[in-house]
Amino acid sequence: MVELQKRTFSVAAFLASAGLGRRIVEIPPKRPFFSQGDVADSVFYLRKGRAKVTVVSLAGKEATITLVAPGEFLGEGALAAAEGLRLSTATAISACTALKISRDEMIRVMHEEHDFSDMFLKFLLERSMRVQADLVDQLFNSSEKRLARILLLMSEFGAPGEHAQRLPRISQETLAEMIGTTRSRVSFFMNRFRRMGFISYDGRIEVHKSLLNVILHDQFSADDPPKPGNGERRNGEAAKGRRASV
């Protein structure tokens, strides 16, 4: 009896090409992949470009939840329940190329192909860990350190031999939304980082690895202290009172 050769499955090939239940889409800058309230009937795999995920409150206030880089998924919440609604909006920051995978096809391949389900589970765990880190950052770090962390994450540090990395175009308003402060504070910190040689700017931001100093050290040079905002000013005054009482 002749044995049938087992079909091989390649995760890379699946995510690189169109097929049954999936197609390649091009999203221009500032255009949505999907909008909050849409029917959640598909998942996107970002192949090229950068995107952001935002939510809008009932009062109309918008907040940026996360930025998405190539090799990551968008709209994975579609797998949670049949015919659910999108809880967020995904928008292209730069020109994006993505693979749009229908909900049914995504569920099928997850059930039938263990290599794919392992890869997707790894992605979900990494995103969950990043969300937790974002929450800790928001609760315990100053807005200056939160901005430094966001810039480092966007620049995808970790590639060996690279001294600096250019970021996709992103507004100070978006950065302010992500770290929970005002655009004017972001502008102040960005100018400060540039003066200290942590970043360069010529239309696009170039982040230097020396920006890690903002994360690793709590204080800067005494001749150029940061100007505190309302919350930071109160913390500084409280600290000064504690030192005076010692």
Side-chain angles (χ1 to χ4, degrees), residues 25-81 83-101 103 106 120 123-139 141-156 166-187 189-190 204-205 207 229:
V25 296
E26 304 284 342
I27 310 294
K30 299 183 179 180
R31 299 295 297 174
F33 289 80
F34 53 81
S35 298
Q36 189 171 332
D38 288 351
V39 175
D41 58 358
S42 58
V43 177
F44 292 83
Y45 176 76
L46 188 60
R47 295 174 52 189
K48 179 181 177 183
R50 289 293 187 99
K52 65 177 181 177
V53 179
T54 60
V55 294
V56 179
S57 69
L58 294 176
K61 184 176 181 180
E62 183 177 275
T64 299
I65 302 302
T66 189
L67 300 180
V68 183
E72 297 183 340
F73 290 88
L74 290 150
E76 65 276 8
L79 303 176
E83 298 184 359
L85 299 180
R86 301 285 190 187
L87 301 179
S88 59
T89 297
T91 308
I93 295 176
S94 59
C96 291
T97 301
L99 183 69
K100 184 178 182 179
I101 309 170
R103 181 179 182 276
M106 190 74 179
F120 188 68
F123 158 77
L124 291 178
L125 291 173
E126 288 176 347
R127 174 161 288 182
S128 176
M129 292 171 62
R130 190 169 68 190
V131 169
Q132 291 183 50
D134 289 344
L135 178 59
V136 171
D137 186 50
Q138 191 75 20
L139 291 173
N141 288 332
S142 68
S143 53
E144 188 168 30
K145 292 184 72 172
R146 295 200 301 270
L147 176 61
R149 177 177 176 272
I150 286 296
L151 293 176
L152 288 168
L153 288 174
M154 289 177 59
S155 64
E156 296 179 324
R166 289 171 66 87
L167 270 59
R169 295 185 184 276
I170 185 169
S171 69
Q172 292 185 355
E173 288 82 357
T174 297
L175 291 172
E177 290 171 0
M178 295 189 68
I179 66 173
T181 189
T182 63
R183 191 207 62 79
S184 61
R185 294 293 290 160
V186 168
S187 178
F189 293 139
M190 294 289 282
R204 287 179 61 184
I205 302 168
V207 179

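Nothing here was measured: the structure is a model prediction, and the numbers come from that model. Nothing fancy with the numbering, it's 1 onward along the sequence.
Across Val68, Leu74, Ile27, Thr91, a single residue satisfies side-chain contact (heavy atoms from CB on, under 4.5 Å) together with Cys96, and that is Ile27.
For Lys61 and Glu177, the salt-bridge test fails: no basic side-chain N is under 4.0 Å from an acidic carboxylate O. The pair Glu144-Arg185 does not meet the salt-bridge criterion, since no charged nitrogen lies less than 4.0 angstrom from a carboxylate oxygen.
Between Ser42 and Lys100 there is a side-chain heavy-atom pair separated by less than 4.5 Å. Phe120 has its side chain within reach of Leu79: a pair of non-hydrogen atoms, C-beta onward, lies under 4.5 Å apart. You'll find the side chain of Thr89 stays beyond 4.5 Å of the side chain of Val53, heavy atoms only. For the pair Val43/Arg103, no side-chain contact is recorded, criterion being any heavy-atom separation below 4.5 Å from C-beta on. Leu167 places a side-chain heavy atom less than 4.5 Å from the side chain of Leu151. The side-chain heavy atoms of Arg166 and Ile205, taken from C-beta on, include no pair separated by under 4.5 Å. Looking at Thr64 and Val55, their side chains never come closer than 4.5 Å, going by heavy atoms from C-beta outward. With contacts defined as side-chain heavy-atom distances shorter than 4.5 Å, the pair Phe33/Leu46 qualifies.
Counted within 6.0 Å of CG on Leu124, heavy atoms from surrounding residues, nucleotides or ligands total more than 12; the atom is thus considered enclosed. Within 6.0 Å of the CZ atom in Arg130, the count of heavy atoms belonging to other residues, nucleotides or ligands exceeds 12.
The closest donor-acceptor contact from the side chain of Arg50 to the backbone of Ile93 lies at 3.5 Å or more, if one exists at all. Between the side chain of Glu72 and the backbone N or O of Ala69 there is at least one donor-acceptor pair closer than 3.5 Å. No donor-acceptor pair under 3.5 Å is formed between the side chain of Arg183 and the backbone N or O of Gln172. Of the possible donor and acceptor atoms, one in the side chain of Ser171 sits under 3.5 Å from a partner among the backbone N and O of Thr174.
A donor atom on one side chain and an acceptor atom on the other are not found under 3.5 Å apart for Gln36 and Arg86. Checked by atom type, the side-chain pair Ser187/Ser184 shows no donor-acceptor distance below 3.5 Å.
To the nearest 0.5 Å, atom OG of residue Ser94 and atom NZ of residue Lys52 are 12.0 Å apart.
Counting all heavy atoms, side chain and backbone alike, Met178 lies closest to Gln138 at O-OE1, 4.0 Å. What you find for Ala92 and Pro28 is that their closest heavy atoms are CB-O, 3.3 Å. Minimum interatomic distance between Ala95 and Pro29 (heavy atoms only, all atoms of both residues): N-CG, 3.5 Å.
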Determine whether Asp134 and Arg149 satisfy the following criterion, salt bridge (Lys or Arg N to Asp or Glu O under 4.0 Å), listing intermediate values before the conclusion.
CA-CA 9 Å; Asp134 289 344; Arg149 177 177 176 272; 2.6 Å; yes

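For Phe44 and Phe73, the ring centers sit 6.0 Å or farther from each other.
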